[in-house]
Protein chains: 2
Amino acid sequence: MVRKTKEDAEITRQRIIKAARELFSQNGVSKTSLEKIAKHAGVTRGAVYWHFENKTALFHIMREQVFLPFIDRIDDTLLASTSEKNPLKRIENFLLATIHTLNEDQATRQTYEVLMIKCEYVDELADVLQQILINCSDIVEKIEQVYQDAHRQHLINSNHSPADLAMDTHLFFGGLLHMWVKDIEGKRFRNHAEALVKTHINLRQR
Amino acid sequence: MVRKTKEDAEITRQRIIKAARELFSQNGVSKTSLEKIAKHAGVTRGAVYWHFENKTALFHIMREQVFLPFIDRIDDTLLASTSEKNPLKRIENFLLATIHTLNEDQATRQTYEVLMIKCEYVDELADVLQQILINCSDIVEKIEQVYQDAHRQHLINSNHSPADLAMDTHLFFGGLLHMWVKDIEGKRFRNHAEALVKTHINLRQR
DNA sequence: CTATTTACATACATTCATGTTTGTATATAA
DNA sequence: TTATATACAAACATGAATGTATGTAAATAG
């Protein structure tokens, strides 16, 4: 009952990734053995080792499956002025869209949980931190552009530099995401995330 | 060479805690065995198990050694109007003081690192998240009081509620701390943390 | 001064995770 | 049609971590 077709193999591969993500988000990366992942995916460790080098590789792939699409979508919401003319609204929509994805897409939600409170950034995962920092810088730059735009349109109520505003917004949102993830019951942050975003943007509005 | 005096025992106890903190922050909680902790502290696992129930207990104690004093000191900087009259300045000073402690005190720095990027909040550690949320709520409340004060003194440039401002500040600072910890090189955040805080507070000033 | 804790060190038992190797049925290429 | 590579399963070997149980010398209580 072995030697599946190429498509079958890809299916198993994806099932393993899904199983890993689910178990990572349930029990943390360290306490999730490849044996458990295999069992949860309905295969043996042989299959896991066939498709992936080790647990770390699985972690990276899980991360990429969420973040590569995310990075691709940034420009659409944030920089595309076709949909929304008001720059401040574009920033707001970008933040809201991220929250929305967290609410709607389980894979994204699980991945964020793993990345924020269910893995340890040491050894092979230590350099992921660098990646995160670089990603953040990119996002801040883009937000800065939009604030710059808003500034030119005299939509901003202070004379702070767009760079300062962008960084402040980014830190705010980073903090919000962290609390969102930690607030498993949802009472404190998950239910109010949208309002918090709107308030934050509102603070800049003339 | 056994059976130390009570003071000696307390010294070993503290050495074990210190060893745990150092190894946790170097290699993460999961990859730090009690054997390694014992060796690093110059004792055997017997001593560790004598003083602590298990690794989780050590984690909690490490956390408390930093957070209990921190909570105690909050009111001093934040609510004591004796030192600083300007409420906005008091908030700023509170945030700056926290950054300052991170810069100066190695134990605090290591503990923050462990709590934010080198442990997994699952199983026995899952309820620490609840603790964190509660702590945050307390801090937000206190910040809110100070903003309320600032509002009454007409120091604030917007008509947003003190509660909104407090939450926004808290999320900003949470985000900042997370980036601070992740930015091990220091180029992106650690070196600019104070400026970022001042900018944030400045955004509220009339 | 003796009995009893105390503060560990040492030894033991068990479990679990990892990586590698080997076996194998079948899809696929030639 | 046959040879080979593929997609796994199964078995093997190793190492590491945990918890507990036992041993023990010295501090301390009575």
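The sequence lines fix the lettering, A, B, ..., with proteins before strands; numbering per chain opens at 1. Quick caveat: nothing in here was measured; it's all calculated off a predicted structure.
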Residue-phosphate contact under 4.0 Å: [X] side-chain N/O, [N] OP1/OP2:
X: A/T12; N: D/dC8; value: yes
X: B/Y49; N: D/dG19; value: yes
X: A/K6; N: C/dT28; value: no
X: A/H51; N: D/dC8; value: yes
X: A/K36; N: C/dA17; value: yes
X: A/W50; N: D/dA7; value: yes

query = More 5' along DNA chain C: A/K31 or B/V48, using each one's nearest nucleotide?
reply =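 The 5'-side residue here is B/V48.
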Please tell me which of the listed nucleotides, [options], lies nearest to the side chain of [X]?
X: B/T5; options: D/dT20, C/dA9, D/dT28; answer: D/dT28
X: B/S33; options: D/dA17, C/dT18, C/dA9; answer: D/dA17
X: A/R45; options: D/dA11, C/dA9, D/dT20; answer: D/dA11
X: A/A47; options: D/dC8, C/dA7, C/dA9; answer: D/dC8

When the distance from [atom1] of [X] to [atom2] of [N] is rounded to whole Å, what number comes out?
X: B/K55; N: D/dA17; atom1: NZ; atom2: P; result: 9 Å
X: A/K39; N: D/dA10; atom1: NZ; atom2: P; result: 11 Å
X: A/I37; N: C/dC16; atom1: CD1; atom2: P; result: 17 Å
X: B/L58; N: D/dG19; atom1: CG; atom2: P; result: 11 Å
X: A/L34; N: C/dT20; atom1: CG; atom2: C1'; result: 13 Å
X: A/E10; N: D/dC8; atom1: CD; atom2: P; result: 10 Å
X: A/E7; N: D/dA7; atom1: CD; atom2: C1'; result: 13 Å
X: A/D8; N: D/dA7; atom1: CG; atom2: P; result: 10 Å

message = Regarding B/E194 and B/K198, does a basic nitrogen lie under 4.0 Å from an acidic carboxylate oxygen?
response =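 No salt bridge links B/E194 with B/K198.
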inquiry  = Would you say that more than 12 heavy atoms from the other residues, nucleotides or ligands in this model lie under 6.0 Å from the NE2 of A/H40, or not?
reply    =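 Result for NE2/A/H40: enclosed.
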key: Closest-nucleotide 5' rank along DNA chain D - winner of B/T32 and A/T44   =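 Closest to the 5' end, via its nearest nucleotide, is A/T44.
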key: Pairwise distance CZ(A/F172) to CG(A/L165) - rounded to 0.5 angstrom   =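 If we round to the nearest 0.5 Å, A/F172:CZ and A/L165:CG are 13.5 Å apart.
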ask   = Side chains of B/Q148 and B/E144: do they bring a donor and an acceptor to under 3.5 Å?
value =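 There is no such pair (donor and acceptor under 3.5 Å, judged by atom type) between the side chains of B/Q148 and B/E144.
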inquiry  = Under 3.5 Å, is there a donor on one side chain and an acceptor on the other for B/E141 and B/Q145?
reply    =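 Note: B/E141 and B/Q145 side chains miss the donor-acceptor criterion.
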